[in-house]
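The next block holds one structure in the form of structure tokens; read it before the comments.
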Number of protein chains: 2
Amino acid sequence: MSMKGDVWSAALAKCALFAGLDEEEVLLVASLAQEKRVRRKGVFFREGDQPCALHLLLAGEVALKQASIDGQEVIVRLVGPGEVFALASALEGAAYPVTAEALRASHALVWDQPAVQELLRRIPGLCRNAMAVLLRRIRDLEQRFREIATERVSQRLARTLLRLARHAGRKVEGGVLIDLPLSREDLAQMTGTTLFTVSRCLAEWERKGIVEAGREKVLIRSTHGLVTVAEDLPSADE
Amino acid sequence: MSMKGDVWSAALAKCALFAGLDEEEVLLVASLAQEKRVRRKGVFFREGDQPCALHLLLAGEVALKQASIDGQEVIVRLVGPGEVFALASALEGAAYPVTAEALRASHALVWDQPAVQELLRRIPGLCRNAMAVLLRRIRDLEQRFREIATERVSQRLARTLLRLARHAGRKVEGGVLIDLPLSREDLAQMTGTTLFTVSRCLAEWERKGIVEAGREKVLIRSTHGLVTVAEDLPSADE
DNA sequence: CGTGCCCTTGAAGATCTTCAAACGCAGTGG
DNA sequence: CCACTGCGTTTGAAGATCTTCAAGGGCACG
């Protein structure tokens with residue numbers, strides 16, 4: 001237990017939800033956690049599942065998807081190592097509004113609802129931290145809402161790629177590689193369009209030398225070029 | 001002061017943020033509040049303003065708008081009496097991400113940042129209440145995000161009207177009147193489309209007897225008809 | 001009785017989706 | 001080693017959907 005506590009405490013400290021906790025509190029958090037591992041394409045939980053638990057991703061990458069009645073899916077958020085997910089559901093005690101699907105083999109700490117309640121009771125600063133996390137999510141959602149409401153697909157896709165580069169970009173010779181196995185369909189579900197339109201955009205940008213696209217792979221050759229598209233600025237070649 | 005406290009306490013108790021507070025706490029909340037009145041088309045604050053304060057709407061109706069660089073506006077949320085707004089900004093201490101414009105003459109209680117901090121320190125349950133409010137907003141935003149990403153304008157507009165009916169609907173003979181002065185442009189900014197498309201949708205629905213549209217006015221004659229549109233179900237007449 | 005604001009409508013065209021067909025790569029099994 | 005197969009991808013063509021622009025109508029309010 002105490003060894004695990006040590007291994008986990010690094011991850012816990014990096015996480016915004018548990019930032020600023022003292023040693024004793026970290027141990028409490030660790031002692032109530034359970035572990036869960038999921039292989040690529042597996043799920044931590046499905047939309048509608050109950051009861052629901054708080055998750056902290058230690059390793060891997062998770063996509064949170066929401067489906068409409070007719071089966072159309074949207075990716076609401078990508079979660080990377082050190083980020084929590086299902087915080088809202090765990091706090092509210094409501095069913096998960098999304099399905100958490102692993103893009104690659106993933107490993108998370110999990111706190112069930114009694115544990116979350118216990119933590120909230122015993123750790124004074126936790127509620128403030130939780131609020132900070134939620135506030136950030138609201139900002140993010142409002143911005144994306146405005147984007148999807150007012151911008152064209154190419155602009156939104158460019159922004160999505162830029163965000164992905166920040167979230168999971170790896171510098172390589174020739175540009176920034178988005179180091180996630182994302183299909184055209186995945187990008188479409190993040191952008192609010194179809195895989196066909198995504199494919200066409202990427203093909204056009206490849207012709208212009210802005211990106212290099214491959215199977216479940218995008219390499220950004222010119223961040224500046226993408227910004228130009230995202231902001232709808234006139235580009236050199238038309 | 002004490003009279004004001006009495007007048008306000010009813011409004012405070014109805015508000016989710018201050019629910020469950022004891023009498024002493026309510027008095028504290030009231031004692032730190034300031035009043036602000038704004039006429040129709042006036043604003044409580046503008047995007048980018050700082051420092052920012054927590055607002056509780058007592059009377060009137062407020063639209064929260066966000067503008068993109070090229071001037072396109074989106075209505076992120078409508079706020080009715082008893083609801084708080086700018087909670088996130090007040091908690092974070094960041095600039096307002098939206099402009100709060102009054103749809104009709106409005107009256108609000110306002111707490112500046114020191115007051116908010118003081119309240120958070122002195123009222124133990126407040127943080128939990130704030131979280132509940134934020135969680136609700138996240139749910140709402142995620143749902144609307146999925147809608148705007150996957151549905152056609154007519155579906156989204158139908159949903160917007162149904163939400164408005166719930167939020168500010170007044171039963172009259174012949175249906176439910178949306179009791180707010182909303183222009184076609186406003187509806188467009190809530191739905192992520194143009195005023196022209198809104199106008200055409202309403203005209204079509206009027207022909208089918210689903211709504212009755214007028215200048216800054218919509219009367220829903222058949223809620224069921226709107227649901228049919230929103231869910232993209234086959235309707236009787238095509 | 002104008003004047004401003006909101007609304008409607010048509011026409012043209014941009015943008016995006018849908019559908020069908022086919023390509024190519026990765027992994028599998030013969 | 002090769003063929004097979006599945007999956008992700010590409011591309012074209014057709015058409016649905018939505019936006020844009022222009023013109024004009026009508027109502028409210030000064």
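Throughout, a chain's letter reflects where its sequence line sits, starting with A, and its residues are numbered from 1. A quick note: this is a predicted structure, and the numbers were derived from the prediction, not measured.
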- When the ring centroid of B:Phe85 is compared with that of B:Trp111, is the distance short of 6.0 Å?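 When the ring centroids of B:Phe85 and B:Trp111 are compared, they turn out to be at least 6.0 Å apart.
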
[X] [atom1]: over 12 foreign heavy atoms closer than 6.0 Å:
X	atom1	answer
A:Gln50	CD	yes
B:Glu231	CD	yes
A:Lys14	NZ	no

Measure from [atom1] on [X] to [atom2] on [N] and round the result to the nearest Å.
X	N	atom1	atom2	answer
B:Asp186	C:dC7	CG	C1'	13 Å
A:Glu212	D:dT9	CD	C1'	16 Å
A:Arg40	C:dA26	CZ	P	14 Å
B:Gln72	D:dT19	CD	C1'	10 Å
A:Arg184	C:dG24	CZ	C1'	13 Å
A:Leu182	D:dG8	CG	P	12 Å

- Please check the phosphate of C:dA26 (OP1 and OP2 only) for any side-chain N or O of A:Arg215 closer than 4.0 Å.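 Looking at the OP1 and OP2 atoms of C:dA26, neither is under 4.0 Å from any side-chain N or O of A:Arg215.
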
- Task: Look at the aromatic rings of B:Tyr96 and B:Phe45 and report parallel, tilted or perpendicular, splitting at 30° and 60°.
- Result: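 B:Tyr96 vs B:Phe45 ring planes: parallel.
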
- Message: Evaluate A:Arg137 against A:Glu142 for salt bridge (charged side-chain N to carboxylate O under 4.0 Å, His left out), listing each step before the verdict.
- Response: CA-CA 9 Å; A:Arg137 287 217 20 69; A:Glu142 279 182 349; over 6 Å; no

- Query: Got a salt bridge between A:Glu151 and A:Arg156, using NZ or NE/NH1/NH2 to carboxylate O under 4.0 Å?
  - Reply: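 Salt bridge flag = no for A:Arg156 with A:Glu151.
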
- Query: Does B:Arg152 come within less than 4.0 Å of B:Asp232, counting only side-chain N to carboxylate O?
  - Reply: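 Salt bridge: yes.
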
- In residues 191-205 of chain A, which residues come under 4.0 Å of DNA chain C by heavy atom?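 Within residues 191-205 of chain A, the residues near DNA chain C are A:Thr193, A:Thr194, A:Phe196, A:Thr197, A:Arg200.
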
- Apply salt bridge (charged side-chain N to carboxylate O under 4.0 Å, His left out) to the pair B:Glu61 and B:Lys41, showing each step before the final yes or no. CA-CA 10 Å; B:Glu61 192 79 24; B:Lys41 307 247 176 184; over 6 Å; no

- Query: What stem regions, each of at least 3 consecutive Watson-Crick or G-U pairs below 3.5 Å, can be found for DNA chain C?
  - Reply: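 So the stems come out as C:1-30 with D:1-30.
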
- Task: For B:Thr193 and B:Thr197, indicate whether the former's side chain and the latter's backbone hold a donor-acceptor pair under 3.5 Å.
- Result: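 Not confirmed, B:Thr193 side chain does not pair with B:Thr197 backbone.
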
- Of B:Leu219, B:Leu202, B:Leu177, the residue whose pairing with B:Glu212 passes side-chain contact (heavy atoms from CB on, under 4.5 Å):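 Going through the options one by one, the only one that passes is B:Leu219.
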
- Strand contacts (DNA chain D) in residues 147-159 of chain A, 4.0 angstrom heavy-atom criterion: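 Here the set is empty: none.
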
